[in-house]
Protein chains: 2
Amino acid sequence: MSITRKQEIINTAALLFKEKGFNAVSMRDLAQEMGIKAASIYNHLPSKQSILGAIIFEVSVEFTTHINAVIDDSLPILQKLEAIITMHIDLTLKKSEFLACMNNDWVHLNDVDKKQYIKMRNAYEEKFRSLLLQGIQEKALKPIDLEIMLFSILSTLRTFYLWYAKHQMLDFEKVKGDLCTTLLTGIRS
Amino acid sequence: MSITRKQEIINTAALLFKEKGFNAVSMRDLAQEMGIKAASIYNHLPSKQSILGAIIFEVSVEFTTHINAVIDDSLPILQKLEAIITMHIDLTLKKSEFLACMNNDWVHLNDVDKKQYIKMRNAYEEKFRSLLLQGIQEKALKPIDLEIMLFSILSTLRTFYLWYAKHQMLDFEKVKGDLCTTLLTGIRS
DNA sequence: TCACAAAACTAACGATTGTTAGTTTTGTAT
DNA sequence: ATACAAAACTAACAATCGTTAGTTTTGTGA
């Protein structure tokens, strides 16, 4: 079986949500984009918020899975960080609409989903933090404030989809290299 | 004359918009937060979108003014970059709600305001880009892809208000120093 | 061809939205 | 005390929202 109708709706919703934001997209907008009527969507999904949930958890699960894999891998710390950066770029190229939704519209999840999302997000950050701390302790990284380090890298990675939207045509390896350089060794020569 | 009623409304709106997003805040929500009725707001401001416009242009004008001042200043390039970073931190501390609105809700400006905003934003980026290019040419900065450099720094600065919301209690000078280090010389030792 | 499930439809609901018109209250300067 | 403007109010509007119920069409396997 190929892509389900449900998944088609989710993908289309992600695209619209990215452009206008969750609250600015009505079920009628989404339906029109699918070439059907709003009520028909409810044959596939129970609510508007559930669509948002499906979008957000699809990528947040992927992030969690990948960072766990990197942690379990036995690589030098700097290569682990590189692997994470690469993973973010990778996901950005494949699912930029989903990332945009996650970043901008997680606030509009229902209470249960929101708690779950925040939990996963915190867990992800905590794992990232541990890696950076390890890097500092091994003297591979400078002893700068851990939180600033973490925040700086994460904010760049999380909003990379914005940059991608503008510059699309790109050499994956070059972007990866330049981003690693910028984030890890800095821009000053 | 102290702070006007109009400005009070704008400030309150910025707070609510930051928390829930422009579309998720109704005029009745805003009015309730002010202790008045929704219709009363229209004695001070012509529309909901005009409130958003007031919020966004208040800070975007400030950004433009400041980067112009920095450019006109006769400082070495690295110190100019430092000055810009400092300015971003400064504005974050003073007006984090306004920055949050600008970042998240500029999409919901009316057409005229949106065009104007994008214009100012592009101009700001262009000035920033010129400074970085100058830095590269003077060999003060590494010859990395200019766009990635620009994007990386800007995305960190633009979302710094998110970090500030979590860590508030902070030593301004330390944050400034650590952020400059992270963004300019990188985290790798 | 028949049966059944998937997926579309029409029609409508109650709630909420931004906004307007017209009126009343509040504060202030003469 | 009077006049006037600022700032609040009540009441209502037309539009749009997410969602439901019930019905019809479409596609598929026996």
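The model shown is predicted, which means the values in this text are computed figures rather than measured ones. Convention: sequence-line order gives letters A, B, ...; per-chain numbering from 1.
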Any side-chain donor paired with an acceptor under 3.5 Å for Thr185(A) and Lys142(B)?
yes
Side-chain H-bond candidate by donor/acceptor type, Lys127(A) with Asn68(A), under 3.5 Å
yes
Which residue, Ala38(A) or Tyr42(B), contacts DNA chain C at a nucleotide closer to its 5' end, judged by nearest heavy atom?
Ala38(A)
Students should find this one: the first and last nucleotides of DNA chain C, 5' to 3', lying under 4.0 Å from a heavy atom of chain A. What are they?
dA7(C) to dA12(C)
Mind checking Arg28(B) for me? I need base, sugar-phosphate or nothing, with any heavy atom below 4.0 Å counting as a touch.
base
Check the angle between the aromatic planes of Tyr124(B) and Phe63(B) and answer parallel, tilted or perpendicular using the 30° and 60° thresholds.
perpendicular
Rounded to whole Å, the CD-P distance (Gln32(A) to dT16(D)) equals 13 Å
Between P on dT20(D) and CD1 on Ile41(A), what's the gap in Å once rounded to a whole number?
13 Å
Could you tell me whether Ser26(B) contacts a base, only the sugar-phosphate backbone, or nothing, with contacts defined as non-hydrogen atoms closer than 4.0 Å?
sugar-phosphate
We want to know whether Asn11(B) and Gln7(B) form a side-chain donor-acceptor pair, criterion being a heavy-atom distance below 3.5 angstrom.
yes
Is there a side-chain contact between Arg121(A) and Trp106(A) (heavy atoms, below 4.5 Å)?
yes
Flag the pair Lys37(A) / Arg28(A) as yes when at least one side-chain heavy-atom distance between them is below 4.5 Å, and no otherwise.
no
